[in-house]
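Structure, as structure tokens:
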There are 2 protein chains.
Amino acid sequence: MARNKNPEETVNLILEASYHLFIEKGYERTSIQDIIDRLGGLSKGAIYHHFRSKEDILVAVIERITDMSNALLLEIRDRPGLTGKEKLTSIFWESIRRPIQDKIFTAAPNFFDSPGLLFALLHDTVENAAPNYLLPILQQGIDDGSIEAECPEQLAELILFVANVWINPMIFDDSVEDAVRKFRVFDKMMRGFGLDILDERMLERLKELAEIYNKRK
Amino acid sequence: MARNKNPEETVNLILEASYHLFIEKGYERTSIQDIIDRLGGLSKGAIYHHFRSKEDILVAVIERITDMSNALLLEIRDRPGLTGKEKLTSIFWESIRRPIQDKIFTAAPNFFDSPGLLFALLHDTVENAAPNYLLPILQQGIDDGSIEAECPEQLAELILFVANVWINPMIFDDSVEDAVRKFRVFDKMMRGFGLDILDERMLERLKELAEIYNKRK
DNA sequence: ATATTTAATACCGACCGTCGGTATGTATAA
DNA sequence: TTATACATACCGACGGTCGGTATTAAATAT
């Protein structure tokens, strides 16, 4: 392949190809050669010019995914004119209304063949998303009186944790009924913390999603 | 190495060696040669006589770990003369009193370098532990009136999920205070489900554990 | 301004060591 | 004698390296 004047494009191409391959085949089962083939013309040397290792590519890909999935949290956190509780409600409603991780979950029926990806999301949840995005929202809620919490750091972790790793993959559950039950249990958990932010509108939308995804199997 | 009269011993040796290596170095970074070296004398042919692949060894090792960590659940589930709620309390108290996963967590400061292991525990939680061990206990509690739950299947999943993946690794948290906060949030969550099973005795024991593990770092 | 040199870098592809896995052989237990 | 517990030589594929080439931008000279 001819030399590119602005190499960022090449980096993007590599990441794009790797992203799809990692999701389709899993990280371990994707070889450098696979990436080269998909890029059609780019050489091994080129890849190793831009990345130090295969794992380095994975890290960059994961960063993309987490950035993408955190974009909504970031935007809502800084959205003006809302109470903390309203922001929390917005997060759940909007992430259900237009599921960001669509591409990941739909394109990757063997998402669970790639523990690395799931684990990376988990790691990001604890190290980044919870303290930097959800915690400030809870704090604001505590300040403006719309939320009550004794240990907001841990509560933020728990909520994102359960939402990302337990609730989110529910679309793979064998039945819509199970998805609804998960939603109810999650709702009860949130109410236990004084957070009555889930409503019937969300449940209806959830059923829609569950049905759509179930049909694809 | 000479031929062993009962080959089960050889299988055990292979699993034992692999178990430690997987925990110390992670699965990916452990080579078959590493296992051979650790076994001292046994050959590659021997290993591939007893196992079809490296992944096959991993599966067997994971089965050992999950069996070990489920042994307590199994025993308590079938323990006679207790209400469902009392059994639930027993699970938490006894798993804190003598932490089963001691060996895993202490021997593996890079446990999180092995997403595969963590993921396997997670998978076992959803597919095995929750439906086969915790759910019957919740069901019994519902029957004998000591527990109230609308969706026991999902509740069992959630509880084990949070306990295994969020609470259990807390010993690696930077401070004892954070561990205590996690415990409080978890307690509040359980009380939200009408399960007031955690008490001060557990908290004290937890502080002990957290202090012990923190000193090792 | 234009031409020439220089240094940096985007990219190539042959090559290397290591890995998981296999084929074949040998010794021992039943 | 036959099945099996093990040994060993070997294979292809893998991640990664390295010397080299082509292209570009910056520095310098004209």
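Order of the sequence lines sets the chain letters (A, B, ...), proteins ahead of strands, with each chain counted from 1.
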Legend entry - Under 4.0 angstrom between B:Ser31 side-chain N/O and C:dT18 OP1 or OP2: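 Answer no for this pair, as no side-chain N or O of B:Ser31 is under 4.0 Å from OP1 or OP2.
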Inset, instruction - Please check the phosphate of C:dC11 (OP1 and OP2 only) for any side-chain N or O of A:Thr10 closer than 4.0 Å. - result: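 Yes, because at least one side-chain N or O of A:Thr10 sits under 4.0 Å from OP1 or OP2 of C:dC11.
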Take atom [atom1] of [X] and atom [atom2] of [N], then tell me their distance rounded to the nearest Å.
| X | N | atom1 | atom2 | value |
| --- | --- | --- | --- | --- |
| B:Arg29 | C:dT18 | CZ | C1' | 16 Å |
| B:Glu28 | C:dT18 | CD | C1' | 14 Å |
| A:Glu55 | D:dC14 | CD | P | 18 Å |
| A:Ile32 | D:dT17 | CD1 | P | 11 Å |
| A:Leu58 | D:dG15 | CG | C1' | 14 Å |
| A:Leu13 | C:dC11 | CG | C1' | 14 Å |
| A:Lys54 | D:dT17 | NZ | C1' | 17 Å |
| B:Gln33 | D:dA9 | CD | P | 13 Å |

Legend entry - Whether B:Phe22 and B:Tyr27 hold their rings parallel, tilted or perpendicular, with breakpoints at 30° and 60°: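 Correct class here is perpendicular.
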Legend entry - Neighbours of DNA chain D within residues 35-51 of chain A, by heavy-atom distance under 4.0 Å: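 Nucleic-acid contacts, sorted: A:Lys44, A:Tyr48.
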Legend entry - Heavy-atom donor-acceptor pair, A:Arg181 side chain to B:Cys151 backbone, under 3.5 Å: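 Pair absent, no side-chain N/O of A:Arg181 close to backbone of B:Cys151.
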Legend entry - Gap separating the CG atom of B:Asp124 from the CG atom of B:Asn164, nearest 0.5 angstrom: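 Interatomic distance, B:Asp124 CG to B:Asn164 CG, rounded to 0.5 Å: 8.5 Å.
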Inset, instruction - Examine A:Phe92 together with A:Phe186 and report whether their ring centres are nearer than 6.0 Å. - result: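 That pair passes the under 6.0 Å test.
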Inset, instruction - Using the test side chain to side chain donor-acceptor pair (under 3.5 Å), find all partners of A:Gln140 that sit at least two apart in sequence or belong to another chain. - result: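 By the side chain to side chain donor-acceptor pair (under 3.5 Å) rule, A:Gln140 matches A:Lys87.
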Legend entry - salt bridge (charged side-chain N to carboxylate O under 4.0 Å, His left out) against A:Asp187, all qualifying residues, sequence neighbours excluded: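 Checked A:Asp187 against salt bridge (charged side-chain N to carboxylate O under 4.0 Å, His left out); matches are A:Arg191.
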